[in-house]
Amino acid sequence: MLAFIQDRLKKAVLEVQEYVRLVAATFYAVLTPPHYRHDIIEQFDAIGVKSLTVVLLTGFFTGAVLALQSGLTLDEFGARPVVGRLVSASMIKELGPVLTGLMLCGRIGSGIAAELGSMVVTDQINALRALGTDPIRKLVAPRVLAGIFMAPVLTIIADFVGIIGGWMVARFQLQVASGIYWSSILKALYMQDLWMGLIKPFALGFVIVTIACHVGLRTSGGTQGVGRATTVAVVAGSVGVIAVDFFVTRILISLMY
């Protein structure tokens, strides 16, 4: 039993070490030439534009159900008109970044892990090295850049669509006037809230993509290994999103409030 625990700990420490090495190599590849601009643009499209549908649907229905549920609770205190304040604060500060990160983790994290894992088990990564191409610079750096910069854009879209969904429920289900809904949003939002909602997605996008790339490049065991890597990438990425959200929130609260 003790030997089993020691073996698991050694594997965990090794994975953390390899992840840190990947992150360091990625930063070096991003900051130094050459840069594969075509691959960067392609990943911006794959991670950003092609994730737009799932983000729109998630944001809209999250804002709608948040308004519906909170409206019933606020009725007990006679505070139904402030439903817009609750929806906007919840979406911008917390639900928008986290749910967008989880959706990206499910769609992008699994795809990256499967793609890189397939390249590993079919020796395409070794072929790149044999041709003198750095796999980190060619494959990882463009994906990390796309994840870092597209996650905030998608989060802003999810926030906006969520607030629209909340407005539709508030207006037609809860019978809250549109002017009251939007004025409560403007009164409730502060610059600290906006900054918190904008800073979080940068960290979440970085964590999602780097974990997926790490898991994909560490794939072994043929096609079954690719399936395992995909599962691990989604699970580890989802846990990473929630954990990083907590720590980033804690840091931002101490700095801004």
Side-chain angles (χ1 to χ4, degrees), residues 43-71 83-112 143-174 178 181-182 184-186 188-212 233-234 237-249 252-253 256:
Q43 292 304 318
F44 268 73
D45 176 69
I47 292 177
V49 178
K50 293 182 180 179
S51 300
L52 192 58
T53 302
V54 66
V55 170
L56 286 173
L57 291 173
T58 302
F60 178 83
F61 286 110
T62 300
V65 75
L66 186 62
L68 188 61
Q69 293 281 16
S70 61
V83 64
R85 178 182 303 185
L86 189 148
V87 171
S88 62
S90 300
M91 287 297 301
I92 291 174
K93 294 171 65 176
E94 189 63 30
L95 291 179
V98 171
L99 290 178
T100 301
L102 292 175
M103 292 301 104
L104 286 178
C105 187
R107 184 188 176 277
I108 300 302
S110 60
I112 291 175
R143 288 167 171 79
V144 171
L145 284 174
I148 290 174
F149 289 106
M150 291 310 298
V153 175
L154 293 172
T155 299
I156 292 172
I157 294 172
D159 293 341
F160 178 75
V161 173
I163 293 173
I164 293 294
W167 166 75
M168 293 182 67
V169 171
R171 177 65 185 86
F172 300 105
Q173 180 73 28
L174 303 177
S178 298
Y181 180 87
W182 293 108
S184 69
I185 291 177
L186 295 177
L189 286 180
Y190 301 96
M191 284 304 300
Q192 297 95 321
D193 301 336
L194 296 177
W195 278 116
M196 180 176 290
L198 286 175
I199 292 173
K200 280 185 183 181
F202 286 99
L204 299 182
F206 174 80
V207 168
I208 292 167
V209 178
T210 52
I211 289 177
V234 174
S238 299
V239 174
V241 165
I242 297 172
V244 169
D245 173 67
F246 170 77
F247 289 109
V248 172
T249 300
L252 292 178
I253 287 176
M256 294 183 179

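This structure is a prediction, so every number in the text was calculated from the model and none was measured. Starting from 1, each residue takes its place in the sequence as its number. Just so you know, these numbers use all the heavy atoms, side chains as well, and skip hydrogens, waters and symmetry mates.
- Applying the ring pair (Phe, Tyr, Trp, His ring centres under 6.0 Å) criterion to F206, with sequence neighbours excluded, gives F27.
- With sequence neighbours left out, the side chain to side chain donor-acceptor pair (under 3.5 Å) criterion links S90 to no other residue.
- Here the CG-CG distance, from L68 to L174, works out to 6.5 Å after rounding to the nearest 0.5 Å.
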Please tabulate, for side-chain N and O atoms in residues 191-205, each donor-acceptor pair with protein atoms closer than 3.5 Å (sequence neighbours left out).
| unit_1 | atom_1 | unit_2 | atom_2 | d |
| --- | --- | --- | --- | --- |
| D193 | OD1 | Y257 | OH | 2.6 |
| D193 | OD2 | Y190 | N | 3.4 |
| K200 | NZ | K93 | O | 2.8 |
| K200 | NZ | E94 | OE1 | 2.7 |
| K200 | NZ | D245 | OD1 | 3.1 |
| K200 | NZ | T249 | OG1 | 2.8 |

Compile the donor-acceptor pairs under 3.5 Å between side chains in residues 47-58 and protein atoms, sequence neighbours left out, one pair per line.
| unit_1 | atom_1 | unit_2 | atom_2 | d |
| --- | --- | --- | --- | --- |
| S51 | OG | I47 | O | 2.7 |
| S51 | OG | R107 | NH1 | 3.1 |
| T58 | OG1 | V54 | O | 2.7 |

Please list, one pair per line, the donor and acceptor atoms closer than 3.5 Å that link side chains of residues 145-170 to other protein atoms, with sequence neighbours excluded.
| unit_1 | atom_1 | unit_2 | atom_2 | d |
| --- | --- | --- | --- | --- |
| T155 | OG1 | A151 | O | 2.7 |
| W167 | NE1 | S178 | OG | 2.9 |

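- Taking both residues in full, the closest heavy atoms of A233 and I211 are given as O-CG2, 4.4 Å, listed atom of the first, atom of the second, then distance.
- Residues S70 and L86 share a closest heavy-atom pair of CB-CD2, 3.7 Å.
- At least one donor-acceptor pair closer than 3.5 Å links the side chain of S88 to the backbone N or O of R85.
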